[in-house]
Amino acid sequence: MALLEARPYRPFKSSEEYLEAMKEDLAEWLNTLYPELTINADNFMDRLDTGIALCKDDRVCLKKKKTKLKKEKVRKQRTSLLFTNILKCNDTPYSILHDDYTTTDFADFVK
């Protein structure tokens, strides 16, 4: 993950100055994420005009979200299976867990 350098607060005299600063910051951010865009403050609106770059960003974010959700689902399934197997150890339910508090604590720990 790339980090951008922190910049000091700078007051703007007009909305045009503010807009220009925003273009610079957003162009730098987009270039960090997608170096092939070659975007800067001067060509910012032209490069984003078709919406292709924003759609690409949306697809990347959606793909990462789906991957994360899949990993979480697999982790939850494994945790559930592990917990079930421990509780049924030697075909005696709760053979290693002695009371409800221990069961709850163990379940929280495994999650």
Side-chain angles (χ1 to χ4, degrees):
M1 180 176 173
L3 297 175
L4 302 176
E5 66 182 59
R7 295 185 182 157
Y9 173 75
R10 50 186 175 171
F12 300 101
K13 295 176 184 169
S14 70
S15 59
E16 290 298 319
E17 283 183 13
Y18 178 74
L19 180 60
E20 191 63 29
M22 290 302 295
K23 284 186 198 177
E24 290 172 4
D25 290 346
L26 288 170
E28 182 181 352
W29 177 67
L30 286 168
N31 273 325
T32 302
L33 292 174
Y34 309 107
E36 69 277 3
L37 271 180
T38 58
I39 192 169
N40 58 42
D42 296 330
N43 69 4
F44 184 81
M45 297 305 269
D46 294 332
R47 299 293 287 158
L48 298 180
D49 188 34
T50 62
I52 292 173
L54 298 176
C55 287
K56 180 181 177 180
D57 181 56
D58 186 50
R59 282 195 306 267
V60 168
C61 291
L62 187 59
K63 185 177 179 180
K64 287 183 180 186
K65 182 178 179 181
K66 285 181 179 180
T67 302
K68 182 181 178 187
L69 290 173
K70 276 184 184 179
K71 287 179 181 178
E72 286 179 6
K73 184 177 179 182
V74 167
R75 183 186 58 78
K76 286 180 181 179
Q77 288 173 342
R78 287 180 181 166
T79 302
S80 176
L81 181 61
L82 172 67
F83 187 61
T84 301
N85 288 340
I86 288 172
L87 289 179
K88 292 180 180 179
C89 183
N90 297 327
D91 294 327
T92 305
Y94 307 104
S95 62
I96 62 170
L97 303 174
H98 304 293
D99 59 20
D100 289 337
Y101 293 110
T102 308
T103 305
T104 303
D105 290 344
F106 184 77
D108 291 340
F109 171 76
V110 171
K111 288 180 186 177

[X], [Y]: one ILVMFWY side-chain cluster at the under-4.5 Å cut-off?
X	Y	result
Leu62	Leu30	no
Leu37	Leu26	yes
Ile52	Leu48	no

(message) Could you work out, with side-chain hydrogen bond (donor to acceptor under 3.5 Å, both in side chains) as the rule, every residue matching Asp57, not counting sequence neighbours?
(response)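 By the side-chain hydrogen bond (donor to acceptor under 3.5 Å, both in side chains) rule, Asp57 matches Tyr34.
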(request) Would you give the length of the straight line joining atom CD1 of Ile39 to atom CD of Glu28, rounded to the nearest 0.5 angstrom? (result)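 Separation between the atoms: 12.0 Å.
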(request) Output the distance between atom CZ (Arg47) and atom CG (Asn31), rounded to the nearest 0.5 Å. (result)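 Rounded to the nearest 0.5 Å, the CZ-CG separation comes out at 9.0 Å.
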(message) Please give me the minimum heavy-atom distance between Ala41 and Lys23, naming the atom from each residue.
(response)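 Taking Ala41 first and Lys23 second, the nearest heavy atoms are O-CD, 3.7 Å.
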(request) Mind listing the closest non-hydrogen atom pair of Asn43 and Thr38 along with its distance? (result)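 Distance-wise, the nearest heavy atoms are ND2-O, 3.3 Å.
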(request) Identify, with sequence neighbours excluded, every residue that meets side chain to side chain contact (heavy atoms under 4.5 Å, CB included) alongside Ser14. (result)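 Checked Ser14 against side chain to side chain contact (heavy atoms under 4.5 Å, CB included); matches are Glu16, Glu17.
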(request) Just grab all the side-chain hydrogen bond (donor to acceptor under 3.5 Å, both in side chains) pairs involving residues 60-72, residues at least two apart or on different chains. (result)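 Sorted result for residues 60-72: empty, none.
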(request) Using the test salt bridge (Lys or Arg N to Asp or Glu O under 4.0 Å), find all partners of Glu36 that sit at least two apart in sequence or belong to another chain. (result)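 For Glu36 the salt bridge (Lys or Arg N to Asp or Glu O under 4.0 Å) partners, ignoring immediate neighbours, are Lys56.
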(message) If the condition is ring-ring contact (aromatic ring centres under 6.0 Å, His included), which residues does Tyr18 pass it with, not counting sequence neighbours?
(response)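 For Tyr18 the ring-ring contact (aromatic ring centres under 6.0 Å, His included) partners, ignoring immediate neighbours, are Phe12.
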